[in-house]
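Quick note on labels: first sequence line is chain A, next is B, and so on, each numbered from 1. Just so it is clear, the structure is predicted and the values come from calculations on it, not from any experiment.
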Amino acid sequence: MERTLPALPPFSFSAVVQSHGWAELAPFSTGAAGSLTYVYRLDSGRVAELRVREAPGGIETAVDGTVDGREQDQVARDAAWMFGLHQDLSPFYALARAEPKLAQAEARAQGRVLRCPTLFEDAVKTMLTVNTSWAGTIRMVAALVSQFGDPLPAEPTRHAFPTPQRLAAAGEAALRAETRLGFRAPSVLQLARAAASGDLDLESLKTTHLPTAELRGRLLQVRGVGPYAAANLLMILGRYDCIPVDSWALKMVSNEWYEGQPVGPAEVEAAFERWGEWKGLAYWFWDWRTPA
DNA sequence: GGTAGACCTGGACGC
DNA sequence: GCGTCCAGGTCTACC
């Protein structure tokens, strides 16, 4: 089944896919002609491959197999969320036009970041970016998906992202020894158990009207989510008041404004303070000087 | 409130 | 091939 979904302009399919490294993490993969595929577990329990590619003014989605009306609605809803089709970033572009380092943002339709269908999946993946190399994150996510995700019937070597219930049932020992999550295993397990039991309704945070500070506070209550991870999840939720300060951010800000001298999170915050509620986007899409 | 050290893995490096 | 060192963000104990 194929379907075209419109996006609020300006929109660029490739800008979303390339917005951060999420497209490199299972069960995403890049397909022919720049399309994006995602092994997808529908609410019905059926596992299918979702293929997304650019279409005039938006995206075209395709799902294999017979898709009933309820599944069609779910695919449209989730694809719109994943690509931020309804996001209005015009206030950010209005500010960015006056900043040479962001002057190309509107023309390139930069601003949307690729999301997973569920905040649970985004949260687990964010936890697995913590204190490791990007190669390590790719490895851990791939292991998690292949060991605990439901297989794609047409291609059983590919799997969907595991459900909270499936991960909750996995023991910490398995997550450490087999999936090699290391010290992140208890955090992932605790998050999965809270989501599976209903104690933590992560998905409701996608539509909450809570002030960002309060939302950030809730995210920080999750074990394994510190300032960096909370800011990253807030970006995914469309809240840009915080900057996900990691070692890369410290290095880039040091190079951009402090001639390579060591800086801390306070200097990173100060550098983008004037961007207010668009701070995170200004940081994310800044045209950084290449380190010497 | 601020700081130091542990957590865990994989990769780089030296021998 | 083996051992050592390092990068990476969060948590906890301690001051």
Original post:
Under 4.0 angstrom, heavy atoms only, what part of the nucleic acid is A:A135 near: base, sugar-phosphate, or nothing?
Top reply: nothing

Original post:
Touch check for A:S133, heavy atoms < 4.0 angstrom, all strands: base, sugar-phosphate only, or nothing?
Top reply: nothing

Original post:
Would you say C:dG9 has OP1 or OP2 under 4.0 Å from some side-chain N or O of A:S247?
Top reply: yes

Subject >> Centroid-centroid distance, A:F83 to A:F13, less than 6.0 Å >> reply: yes

**OP:** Would you indicate what A:G224 reaches in the nucleic acid, counting non-hydrogen atoms under 4.0 angstrom: base, sugar-phosphate, or nothing?
**Re:** sugar-phosphate

**OP:** Could you please name the option among C:dT10, C:dG8, B:dC7 that lies closest to any side-chain atom of A:P227?
**Re:** C:dT10

Subject >> Proximity to the side chain of A:R139 - top-ranked nucleotide from C:dG9, B:dC8, B:dG10 >> reply: B:dG10

Original post:
For A:M127 and B:dC8, what is the distance between atoms CE and P respectively, to the nearest whole Å?
Top reply: 16 Å

Original post:
Can you check the A:W134 CH2 to C:dA7 C1' distance for me, whole Å?
Top reply: 16 Å

Subject >> No-hydrogen, no-angle side-chain donor-acceptor test under 3.5 Å, A:W286 and A:E256 >> reply: yes

**OP:** Rounded off to whole Å, could you give me the CD-to-P distance for the A:Q221 and C:dT10 pair?
**Re:** 16 Å

Original post:
Heavy atoms under 4.0 Å, any strand shown: does A:V245 hit a base, just sugar-phosphate, or nothing?
Top reply: nothing

**OP:** Please work out if A:R223 contacts a base, only the sugar-phosphate, or nothing of the nucleic acid, heavy-atom cut-off 4.0 Å.
**Re:** sugar-phosphate

Original post:
Does the side chain of A:T137 come under 3.5 Å of the side chain of A:T132 through a donor N or O and an acceptor N or O?
Top reply: no

Original post:
Whole-Å distance between B:dC8 C1' and A:M140 CE?
Top reply: 9 Å

Original post:
For A:L189 and B:dC8, what is the distance between atoms CG and C1' respectively, to the nearest whole Å?
Top reply: 17 Å

Subject >> A:R180 side-chain proximity, nearest of C:dT10, B:dG10, C:dG9 >> reply: B:dG10

Original post:
Roughly, in whole Å, what's the span from CG in A:N131 to C1' in C:dC6?
Top reply: 11 Å

Subject >> Distance, nearest 0.5 Å, that separates CG of A:L202 from CG of A:L191 >> reply: 5.5 Å

Subject >> Nucleotide C:dG8, atom P - distance to CZ of A:R184 in whole Å >> reply: 13 Å

**OP:** Decide if the gap between the ring center of A:F272 and the ring center of A:W257 is smaller than 6.0 angstrom.
**Re:** yes

Original post:
Could you state the CG-P distance from A:L219 to C:dG9, rounded to the nearest angstrom?
Top reply: 18 Å

